[in-house]
Student: 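Structure below; questions to follow.
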Amino acid sequence: MASPQDQRSWADNNDPMAAPNDVTHGEPVLEESLGSISTETGSTGSEKARKETIEEAEASSSGDDVEKSKTVRTQLQRTQSEWTTATGTSIASEATQPAEQKPLKQSWSQRLNPLKSRYPPPVPQSRQPSREAAASFISMLYFQWINPIMTTGYQRPLESNDIWTVTKDRSVYTMSDKLNASLKRRSAKGQKNTLVMALYDTFKKEFLIGGACAFISSMLQVFSPFTMKYLIKFASQAYAASFGRGEAPDIGHGIGLVIGITLMQMVGSMCTNHFIYRGMMVGGQCRAVLISMIFDKAMVISGRAKAGGVAHEIRPEGLVPGSKEEKKYFKNKLANKTKGVVGTGEGWSNGRIVNLMSTDTYRIDQASGMFHVTWTSVIQVFVTLALLLVNLQYSALAGFGFIVILMPLLGRAIKSLMARRKAINKITDQRVSLTQEILSAVRFIKYFAWETSMLDRLEAIRTREINKIAFLLSIRNGIMATSMSIPIFASMLAFITYSLSKHPLDPAPVFSSLALFNALRIPLNLMPMVLGQVVDANESIKRIEEFLAAEEKEDEATWDLEAKSAANIENADFTWERTPTSESDQAPGGGLKNDKQIKQDKKDAKAVAKEDKRKSKQIDKEKLEGGVGASSNETLAEEVKPPFGIKGINLQIGRNELVAIIGGVGSGKSSLLGALAGDMRRTSGNVTFGASRAFCPQYAWIQNTTLKENICFGKEYDRRWYNEVIDACALRPDLEMLPNGDQTEIGERGITVSGGQKQRLNIARAIYFDADFIIMDDPLSAVDAHVGKHIMDNAICGLLRNKARVLATHQLHVLHRVDRIVWMKEGAIYKVSTYDDLIHNDPEFIDMMKTTMVEEKKEEIDDEDEVADEKKNMRKRRGPKKSSKGALMQAEERAVNGVGWGVYKAYIKASGSVLMAPAAAILLIISQGANITTSLWLSWWTSRRFGYSTGTYIGVYAALGVTQAVLQFVFAVTVTVYGTKASRVMLHRAYTRVLRAPMSFFDTTPLGRITNRFGKDVDTMDNVLTDSIRMFSLTMAMIISVFILIVAYYYYFVIALAPLFVMFVFSSNYYRASAREMKRHEAVLRSVVFSKFTEAVSGTSTIRAYGLQKQFAQSVNDAVDSMDGAYFLTFANQRWLSTRLDIIGNLLVFTVGILVVTSRFAVNPSTGGLVLSYILSIVQMIQFTVRQLAEVENNMNSTERIHYYGTQLEEEAPLHIGEVPASWPAKGEIVFDNVQMRYRAGLPLVLQGLSMHVRAGEKIGVVGRTGAGKSSIMSTLFRLVELSGGNITIDGVNIAQIGLHDLRSKLAIIPQDPTLFRGTIRSNLDPFNEHNDLALWNALRQADLVGADQDVSDDSGRIHLDTQVEDEGLNFSLGQRQLLALARALVRGSQIIVCDEATSSVDFETDQKIQKTIVRGFKGKTLLCIAHRLKTIIGYDRILVMDAGEVAELDTPVNLYDLGGIFRGMCERSGIRREDFFESEEARFAMESPVLERTQSKALGG
């Protein structure tokens, strides 16, 4: 294991001074080079630096800066993990500032602004720690400590280095240590709800401070309106005195009351700000620490838990056979079964884990912000009641009784939301999982023209999701409208009762009570919303707790580093895990179902339940008869086919021994290596390791970081050893042609390097790790023969010669170099012997070697040619990357400015109609008008203005109240319905556009970033945006209407309002300048967290095999801390604004109070009371409104990101152009006419005037060196890349003139990487239910996946139509996946089939099977096959030899052989003679009968 210092390399990209040309071979960077960078950067200006920062940061997902030597570290004073980006180059631009700053050009409005400087502040050289920790009490109180960063944000756009880092006590490392300690302590005591209580222990101080502030503010919100009673009394006495009734009170008394009320308001608003800030900080910290814990758990969760199983329950001791106790035990066991499998069956797939990290932690974060409202509001309500009783005596009970009756009803309604949210969560999980699956297999989906079908599948899940969400939100709106109307109706009942009980309506108690009822509005309004959030968060906490409690993978092996052998397995059995159970209509991989099928499913489910009951009764009967034995256990566990396993393994591997594992497809080679690597679960026997291990899996897991970091993989950089490894793995030529050598960033999932390069990186990583025991799963399959020989000579038998090596291989020609051979068959070791022994004494082995020895000697290619070809390849691959990057960067650049009006307009349009906004606005204005009129009517009633009867006043008052409540509900439902519709439409557009994007987009965009948009951003649009729009609209309308009311009665209020309004607008703009950029940086840094998390979770098995869990956890933690730096600042930013707006609001209260006092003789006290009651509620609303405005803008940021994906991404050609006959192509004739193709404008042609006529039904084998243009032909045929010149016609139709779907749906491809989707074999062969079971079974039989005598209804074999397929089909061997891909092409029944090195990953026997099936199954069809092994295509009609993008040779195999050109040379090097074209087995494939074929297949033992 690497030391913690070494382990930082994956995580560290925090060196702000990293130079772009510093390749870092452990040498100090020269001062001069840094100086030159400084000057160079300076000349570009800060604007360019900012662009590069934003671009690079978002473009990279999880790439990292390289580790600098200690000399450099001292020299540069670098700080711990403060920024995360791709490579050193991305930070160079922001590293230093210009020596001389040029003044900025300013507009006239900026010149008039005294706070706008012509010389903006310089960008810091590195991120500084947050100033909060060192702030004084007053600074903390008013959030003045954040002012420096806001000033900078006002002067110029904030850059990444402006964002402060988190303080040490808020770092995820500190918090997770505390949380883990608390969790252990509480779990040890056996307490319930351990996670919630452990979170409380961790954040107790801030949580309690927040609670105290919430309590004080809630009390002052009640006592301010009560004190107002005395102010109105003062005004009433003065007004009466003006008419000669009584003596006027002293003015000082009134002013004193105004000052008292203002002070109470100031303290209350200050406490409100600190309660919200503490709550948000607790939420943000909970989110950070939970992401860290979820990642740690994802690194250790067992395969069984991931698959949805749990450890089998141990039968209790002392159960007497046939007893009641045993009967009860078996009954319970049967009742708890899920389809006969232990465990819930849901499992923890990667998609579900990512959803926990993104959506669930966010919900917990959201709920923490206002959590204290849940209890302070209850106290507030009771204190208000007490004060109302003082004001209105027992009449207050009428209004309060109304509240008491309605609140439990609201509580029940909120409870119903819980179950609905749970159901929605499951559907969201399915959508996110399916999205991830589609995105990771997008190339394959394009080949098969499945975009529209996949969209339909997504749309079906999305429709269910959005309908349920819309319904849930409508219920929530109903609850909201009711809770908001409660104070109005309560006050109505109280005043009506007060009036009818012969009390005079005195303005002082009436308007004080009205203000008290209004004060109830905020707690009653917030409570359902907060309770809803708490309900969601509680559900999320339970999910996370369930995940954290899932079974962990234990290292079942014994480690004895002094042992004689490197590994020793004694009589051990190993198993893979079962697949997660999922109902086919809900599973992401399941096909769409119509109503008829759903009804049938329900019938089937009932039948299964009936059968369960019958079995249970049968068992009971057996037991009562005393026949309970071992068999009853077997009866109980319904017959479920166990997952594949290997049994009875006995194997000892010496410390410097080279052991080869051979065997047919599905024989268990990869499983044996998986067992050695710790991927499989041991069910019996013993395993002992005597050496550290490194694992080189069949599928290389490549990180999105530099090539060097991929090889070093957490080990300290050792230049000599590194160079030896590079040379041994034949990577030196690749380094020379890569744009930045070993500092070149590799795309996510290794997408920007070839299969061969990926595999060589994989081997290099395993060797560089310098473990003593190296496990290699067929590493030579994807590399050319001469490279394979080089690796065998210099790496496996060179650098590793003194280490223990296990090599699974299909390249049988290397077997003479190994010490021992382990031969696998049907999941067990068939033989263990030496090569000499087998070749002399084993006839079966001799036969196998005869057929393969000559075959495996593939053509030797000169290194110079190979390098030249590879260079072409690299140019070809680099082309699309750059163009895509340009398009992508425009997206992020666009996000630097505010959310444009265009996005709001698009959102409104997407809701169905542009008239939606005006309609909602009219509803809002009318409902607000009704609200104000209700209160005005009360003031007219108290002053008996119109002289109506009491009954009339009461009737109008009640009618206005009801009208207002109904209109508010209608407004809320309108916003929700149209908002969710807009969300659905915009997401559908985004999905469509993303699936229609060219492949270059996917090659250069990390999956994590796309998933982030389709996960978190969609969740925001669905669940949060409409709420924030509604709340903002209501409060804003309220404020405006109150100001209009005050001005109507107190004209002088305008004098105070004007400057206060200017201050309000200025504060908001000052705040928004930096707030927007902070939010953007947080979004960019969040993408980095998502990408790192998603990438590492998908590479868990590799990370575990190398034992680097801690290093990757550290990397994710550093990314989370980096994100939190920006995230926490957004909270303080909001509070900075709120404290200042509260000062403005309190000045308004003071102004109105003084106006009431000074106008006491002129204005009716009823009017004064009304105005005072409103202004008090407005103060709280001003900050609430600005918070909601910020919330709306932040949430619209998500809409903007989805809108960008839906409208701005580059698109492929249209799916349909004109009509294409249904029978086309009937013959399958293809004509290439002077075809020219380049991957990007400005790059050389890859195909240079290719002309060829493929006759109908002809089988053509395509051969050529690497980079000769073989795969490019296939790309042009499927139009993954459009032609630069010439044309291709199929059956006389120019393919450029028809739609992409019409073209691709008529072709079939068997790709090099077989892609399988989660679901069943049926859903993989026929995902859209277009064929019957017999056709599918026939394809499986032709592909030799099922026996000739196996029937379609027979599900006893390992493979049948309902066999579950895991994520990416990982429960099948690579060979089986390849055969399934072949079966899929057979089912498709296309006239033209393309085979792209489909047999590169299988052994010679399976290759023969596949070729045999291809020739027989596709008889009469046109076939283009890029061959992996030359001998398999010698029976084809013609051979096309490609060279440098041109047709070098094209004729029948015999004619080309006689011609004596390139093909003849290839044949000679592969040991193919002229007579093989007539006599060999391959030449006679087409003539063989199916029976003979199947007999031979069985004989091959595959």
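Counting from 1, the numbers follow the sequence of the chain as shown.
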Student: Is any side-chain heavy atom of Trp576 closer than 4.5 Å to a side-chain heavy atom of Met680?
Tutor: yes
Student: Looking at residues at least two apart in the chain, or sitting in another chain, which of them share a side chain to side chain donor-acceptor pair (under 3.5 Å) with Thr1276?
Tutor: none
Student: Using side-chain heavy atoms (C-beta onward) and a distance below 4.5 Å, is Pro1225 in contact with Lys1306?
Tutor: yes
Student: Using the test salt bridge (charged side-chain N to carboxylate O under 4.0 Å, His left out), find all partners of Asp777 that sit at least two apart in sequence or belong to another chain.
Tutor: none
Student: Look up atom CZ in Phe295 and atom CE in Met299, then write down how far apart they are to the nearest 0.5 Å.
Tutor: 4.0 Å
Student: Would Arg1279 and Glu1282 pass as an ion pair if we require N to O under 4.0 Å?
Tutor: yes
Student: What pairs with Ser302 under side chain to side chain donor-acceptor pair (under 3.5 Å), at least two apart in sequence or on another chain?
Tutor: Glu551
Student: Hey, are the side chains of Ile466 and Ser983 touching, using non-hydrogen atoms and a 4.5 Å cut-off?
Tutor: yes
Student: Do Leu1424 and Ile1230 have side chains that get closer than 4.5 Å, going by heavy atoms?
Tutor: yes
Student: Are Arg1013 and Tyr1205 in a cation-pi contact, defined as NZ or CZ under 6.0 Å from the six-membered ring centre and within 45° of the axis?
Tutor: yes
Student: Using a 4.5 Å cut-off on heavy atoms from C-beta on, say whether the side chain of Phe1278 contacts that of Leu1307.
Tutor: yes
Student: Judged by atom type as modelled, is there a donor-acceptor pair below 3.5 Å linking the side chain of Ser1323 to the main-chain atoms of Gly1319?
Tutor: no
Student: Which residues satisfy the side-chain contact (heavy atoms from CB on, under 4.5 Å) test with Ile301, sequence neighbours excluded?
Tutor: Ala305, Lys306, Trp348, Phe547, Ala550, Arg1104
Student: I need the minimum non-hydrogen distance between Arg765 and Ile702, along with the two atoms involved.
Tutor: NH2-CA, 4.0 Å
Student: The criterion is side chain to side chain donor-acceptor pair (under 3.5 Å); which residues satisfy it with Thr359, sequence neighbours excluded?
Tutor: Asn355
Student: Which residues pass the side-chain contact (heavy atoms from CB on, under 4.5 Å) test with Asp1362, not counting sequence neighbours?
Tutor: Arg1322, His1360
Student: Which one of Thr1315, Asn1324, Ile1321 satisfies the side-chain contact (heavy atoms from CB on, under 4.5 Å) criterion with Leu1380?
Tutor: Ile1321
Student: Roughly how far, to the nearest 0.5 Å, is OG of Ser1272 from CE of Met1237?
Tutor: 4.0 Å
Student: Please determine, by modelled atom types, if Thr428 and Glu465 share a side-chain donor-acceptor pair under 3.5 angstrom.
Tutor: yes
Student: For this output row, return yes or no: ring centroids of Phe1112 and Phe713 closer than 6.0 angstrom.
Tutor: yes
Student: Which atom names give the shortest non-hydrogen contact between Leu673 and Met776, and what distance separates them?
Tutor: CD1-O, 3.3 Å
Student: Search all heavy atoms of Met1274 against all heavy atoms of Val1262 and return the closest pair with its distance.
Tutor: CE-CG2, 4.4 Å
Student: Rounded to the nearest 0.5 Å, how far apart are CZ of Phe1093 and CG of Asn1012?
Tutor: 13.0 Å
Student: Using the test side chain to side chain donor-acceptor pair (under 3.5 Å), find all partners of Lys446 that sit at least two apart in sequence or belong to another chain.
Tutor: Glu1212
Student: As a quick check of understanding, evaluate side-chain contact (heavy atoms from CB on, under 4.5 Å) for Phe444 and Ile1309, giving each step before the final call.
Tutor: CA-CA 9 Å; Phe444 178 83; Ile1309 186 166; 5.6 Å; no
Student: ring-ring contact (aromatic ring centres under 6.0 Å, His included) with His1216: which residues, sequence neighbours excluded?
Tutor: His1301
Student: For side-chain contact (heavy atoms from CB on, under 4.5 Å), just list the numbers for Trp450 and Phe1317, CA-CA rounded to whole Å, side-chain angles, deciding distance to a tenth of an Å, and then say yes or no.
Tutor: CA-CA 13 Å; Trp450 281 353; Phe1317 295 96; 3.8 Å; yes
Student: Hey, mind stepping through Arg1086 and Asp1017 against salt bridge (charged side-chain N to carboxylate O under 4.0 Å, His left out) and telling me if it holds?
Tutor: CA-CA 12 Å; Arg1086 190 175 70 230; Asp1017 288 331; 3.7 Å; yes
Student: Taking the side chain as C-beta and beyond, is there a heavy-atom pair between Leu1300 and Arg996 under 4.5 Å?
Tutor: yes
Student: Measure from the side-chain N and O atoms of Asn762 to the backbone N and O of Pro697, and report whether any donor-acceptor pair falls under 3.5 Å.
Tutor: yes
Student: Using side-chain heavy atoms (C-beta onward) and a distance below 4.5 Å, is Leu1277 in contact with Leu1303?
Tutor: no
Student: So how far is it from Ile424 CD1 to Asp429 CG, rounded to the nearest 0.5 Å?
Tutor: 12.5 Å
Student: Could you walk me through whether Asn350 and Ser1098 pass the side-chain hydrogen bond (donor to acceptor under 3.5 Å, both in side chains) check?
Tutor: CA-CA 7 Å; Asn350 290 351; Ser1098 67; 5.7 Å; no
Student: Do Val1018 and Arg462 touch side chain to side chain, with heavy atoms closer than 4.5 Å?
Tutor: yes
Student: Quick one: pull up CZ in Arg457 and CD in Glu437 and give me the separation to the nearest 0.5 Å.
Tutor: 8.0 Å
Student: Which pairs count as salt bridge (Lys or Arg N to Asp or Glu O under 4.0 Å) when at least one residue sits in residues 1375-1388, sequence neighbours excluded?
Tutor: none
Student: Tell me every residue that passes side-chain contact (heavy atoms from CB on, under 4.5 Å) with Thr435, counting only those two or more places apart in sequence or in another chain.
Tutor: Arg431, Leu439, Leu458, Tyr991, Phe1014
Student: Within the distance-only criterion (no hydrogens, no angle test), does the side chain of Arg989 pair as donor or acceptor with the backbone N or O of Thr1207 below 3.5 angstrom?
Tutor: no
Student: Excluding sequence neighbours, so at least two apart, what forms side-chain contact (heavy atoms from CB on, under 4.5 Å) with Arg993?
Tutor: Leu1209, Glu1211
Student: Just do the side-chain contact (heavy atoms from CB on, under 4.5 Å) check on Trp701 and Ile1103 with the steps written out, would you?
Tutor: CA-CA 9 Å; Trp701 177 68; Ile1103 294 168; 3.9 Å; yes
Student: Looking at Arg1201 and Ser1087, what are the two nearest heavy atoms and their distance?
Tutor: NH2-OG, 4.0 Å
Student: If I compare all heavy atoms of Ala1339 with all of Ala1383, which pair ends up nearest, and what's the gap?
Tutor: CB-O, 3.6 Å
Student: State, to 0.1 Å, how close Leu1382 and Ile1310 come at their nearest heavy-atom pair, and which atoms those are.
Tutor: CD1-CD1, 3.5 Å
Student: Taking it one step at a time, do Leu1280 and Arg443 satisfy side-chain contact (heavy atoms from CB on, under 4.5 Å)?
Tutor: CA-CA 9 Å; Leu1280 283 186; Arg443 183 183 296 271; 4.1 Å; yes
Student: Do Arg1304 side-chain atoms and Phe448 backbone N/O form a donor-acceptor pair below 3.5 Å?
Tutor: no
Student: Hey, is Arg352 close enough to Asp360 for a salt bridge, meaning N to O under 4.0 Å?
Tutor: no
Student: Does Asp1326 have any salt bridge (charged side-chain N to carboxylate O under 4.0 Å, His left out) partners at least two apart in sequence or in another chain, and if so, which?
Tutor: none
Student: Can you tell me how far the OG1 atom of Thr1363 sits from the CD atom of Gln1376, to the nearest 0.5 Å?
Tutor: 10.0 Å
